[in-house]
2 protein chains.
Amino acid sequence: MTGRRRPVQARSREMVDRILEAATRVLATRGYAGMSTNRVATEAGVSVGSLYRYFGDKDEIIAELRTRCTADVMADLTEAMSRAVSLPTRDAVHRVLTTLVGSLQRHRALMTALVDEVPLGAQGNVLPEVERQLAHFTRMFVATHAPHLEPAEADARIYLAMGVALSTCLRIALDPPPGISEDHLVDLTADLLGLGLVLGG
Amino acid sequence: MTGRRRPVQARSREMVDRILEAATRVLATRGYAGMSTNRVATEAGVSVGSLYRYFGDKDEIIAELRTRCTADVMADLTEAMSRAVSLPTRDAVHRVLTTLVGSLQRHRALMTALVDEVPLGAQGNVLPEVERQLAHFTRMFVATHAPHLEPAEADARIYLAMGVALSTCLRIALDPPPGISEDHLVDLTADLLGLGLVLGG
DNA sequence: CGATAAAGTGAGCAAATGCTCATGTTCTAC
DNA sequence: GTAGAACATGAGCATTTGCTCACTTTATCG
């Protein structure tokens, strides 16, 4: 292990970007197993040695991809949430979900690979930070619109809602059914979440 | 490729079973990448050559595991459904979901590996047949309890419901949250599905 | 310039993997 | 018993993978 170095010159920062782009492409076309460091390096027009100067490990490349992707989605999400607070609840939920779907769609290649190719190890979630952020939003939402719920009950419903929201948005974004409008699906999901959370039981 | 043969003697049928058991174990402990044919063979107390007599390919082992697992879940599910038709709708949904969760839990090791380790290729679903069966059940349910829905609208809701049901049951079965009763989660999910499907919009 | 550090190269190694095949063993049927 | 089929073995091959390292090139700065 030569140890990962940080790129300081512009030249090397560009190279890191080229490597990450190539990795995304290879991941999308050949899958995780087919994404060898040699292949990524070749595809990026870079030598393996250079790759290993900035990434100590094959999985570090993917970790970096995930980090950047998460940051992007989070940015979209927090912006949507800050705008949503002033809207009627149904519209708020709808806006957040729409934003999430769009954000996931813009990272389709990577997300697809992450969802069904990359080993996640122990944790079963592709976007833990996104889920946390969503949960935070939902918690506020529940506190103001269903204050009668006991904390334990609220937790259970939020847990469920997070699973539904994330899995549904992922499905709509990455594997949309033919002949059904995405917007309508988001609409239905928003209803489902609102009704299930606030009413129900 | 020597071509896969079918075991005809009892001896070889036992061996196939031993291989599949070993594969499940290895898959659970080392993951898909760590599941080499050599390791599976050793773990099963069998030679690699024998393994390749009955499985033409590493992935054929997994395909067989999936087939057997699916058959098992399907058996549970169809039985639960046939009993559920005579129940009030809420109880029916609850029973089916409970059965599904239990069935997935009994196959925890394999399911976990399938969900976040095994490359699924194009299709993003772990249990396509189960989803089809569930959709069939739901379609009947919708036809009798919400006949006012247009076909297209019904399709959209069934599509959503399948995603919610499967992903939620998988989550409850494989990654249950601490401190929340599984039964209560199933309860909430049943409400969610019932309300979202029949009312909503 | 000249010196030092950063950036970049690519042949190639050690280990692992999927899989074969020549050989040996056990079962079945006549 | 014995012929022939089914069954079982495991050394080992071809390929791939992740990764190193001795080396060259380029930038930075006094």
Side-chain angles (χ1 to χ4, degrees), chain A residues 1-27 29-66 113 117-119 121, chain B residues 1-65 113 117-119 121:
Chain A
M1 180 198 37
T2 325
R4 178 176 173 180
R5 316 244 168 123
R6 284 199 189 157
V8 332
Q9 299 177 6
R11 172 168 58 136
S12 54
R13 251 176 280 122
E14 276 169 28
M15 194 177 65
V16 168
D17 288 345
R18 278 221 308 280
I19 293 173
L20 290 174
E21 281 166 30
T24 310
R25 233 174 309 146
V26 173
L27 206 52
T29 57
R30 313 258 187 173
Y32 176 78
M35 178 193 143
S36 78
T37 46
N38 288 300
R39 184 128 51 196
V40 170
T42 308
E43 184 84 7
V46 148
S47 73
V48 224
S50 297
L51 187 153
Y52 275 97
R53 170 170 271 258
Y54 302 106
F55 300 95
D57 201 296
K58 170 182 172 174
D59 289 322
E60 258 184 36
I61 302 175
I62 289 176
E64 180 66 24
L65 281 179
R66 203 198 301 257
E117 289 265 35
V118 177
Chain B
M1 180 200 32
T2 324
R4 179 176 174 179
R5 317 245 168 124
R6 283 196 190 162
V8 332
Q9 299 176 7
R11 176 168 52 136
S12 54
R13 249 176 281 120
E14 276 170 28
M15 193 177 66
V16 168
D17 288 347
R18 279 222 305 283
I19 292 174
L20 290 174
E21 281 166 30
T24 309
R25 233 174 309 146
V26 173
L27 206 51
T29 58
R30 312 257 188 174
Y32 175 78
M35 177 194 145
S36 78
T37 47
N38 289 298
R39 183 129 51 196
V40 170
T42 308
E43 184 86 6
V46 148
S47 73
V48 224
S50 298
L51 187 153
Y52 275 97
R53 169 170 272 259
Y54 302 107
F55 300 94
D57 200 294
K58 170 182 174 176
D59 289 322
E60 258 184 36
I61 302 176
I62 288 175
E64 180 66 25
L65 281 179
E117 288 266 33
V118 177

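Every chain is numbered from 1, with letters handed out A, B, ... down the list of sequences. Please read these numbers as outputs of a predicted model, since none were measured by experiment.
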**OP:** Check the pair A:Arg13 / A:Tyr54 against side-chain contact (heavy atoms from CB on, under 4.5 Å), numbers first and verdict last.
**Re:** CA-CA 10 Å; A:Arg13 251 176 280 122; A:Tyr54 302 106; over 6 Å; no

Residues in side chain to side chain donor-acceptor pair (under 3.5 Å) with [X], at least two apart?
X: A:Glu60; value: A:Arg4
X: B:Gln9; value: B:Arg11
X: A:Ser50; value: A:Ser47
X: B:Asp17; value: B:Arg68

Original post:
Just to confirm, is there a sub-4.0 Å distance from OP1 or OP2 of C:dG18 to any side-chain nitrogen or oxygen of B:Thr37?
Top reply: yes

Gap between atoms [atom1] and [atom2], on [X] and [N] respectively (whole Å):
X: B:Arg13; N: D:dA6; atom1: CZ; atom2: P; result: 14 Å
X: A:Arg53; N: D:dG18; atom1: CZ; atom2: C1'; result: 19 Å
X: A:Tyr52; N: C:dA11; atom1: OH; atom2: P; result: 17 Å
X: B:Leu51; N: D:dC7; atom1: CG; atom2: P; result: 15 Å
X: A:Phe55; N: D:dT20; atom1: CZ; atom2: P; result: 15 Å
X: A:Arg39; N: D:dT17; atom1: CZ; atom2: C1'; result: 11 Å

Subject >> Sorted by number, the residues of residues 15-30 of chain B with heavy-atom contact under 4.0 Å to DNA chain D >> reply: B:Met15

Subject >> Heavy-atom check, side chain of B:Leu20 versus side chain of B:Phe55, under 4.5 Å >> reply: yes

Original post:
Does the side chain of B:Ile62 come within less than 4.5 Å of B:Met35's, by heavy atoms?
Top reply: yes

Out of [options], which has the shortest distance to the side chain of [X]?
X: A:Val8; options: C:dA7, D:dT9, D:dA11; answer: C:dA7
X: B:Asn38; options: C:dG18, C:dG8, D:dA8; answer: C:dG18
X: B:Tyr54; options: C:dC19, D:dC7, C:dG8; answer: D:dC7

Original post:
Which part of the nucleic acid does A:Ser36 contact within heavy-atom distance under 4.0 Å: base, sugar-phosphate only, or nothing?
Top reply: sugar-phosphate

**OP:** Describe the nucleic acid contact of B:Ser12 in one word from base, sugar-phosphate, nothing, applying a heavy-atom distance below 4.0 Å.
**Re:** sugar-phosphate

**OP:** Report the residues that fulfil salt bridge (Lys or Arg N to Asp or Glu O under 4.0 Å) with A:Asp59, sequence neighbours left out, ordered by chain and then residue number.
**Re:** none

Original post:
Can you give one letter per nucleotide of nucleotides 22-30 of chain D, going 5' to 3': B for a protein heavy atom under 4.0 Å from the base, S for sugar-phosphate only, - for none?
Top reply: ----SS---

Original post:
5'-most contact on DNA chain C: B:Met35 or A:Ser47, nearest heavy atom basis?
Top reply: A:Ser47

In a table with atom names and distances, give each donor-acceptor pair under 3.5 Å that connects a side chain of residues 37-44 of chain B to protein atoms at least two apart or in another chain.
unit_1	atom_1	unit_2	atom_2	d
B:Thr37	OG1	B:Tyr52	OH	3.3
B:Arg39	NE	B:Gly34	O	3.2
B:Arg39	NH2	B:Gly34	O	3.2
B:Thr42	OG1	B:Asn38	O	2.8
B:Glu43	OE2	B:Arg25	NH1	3.1

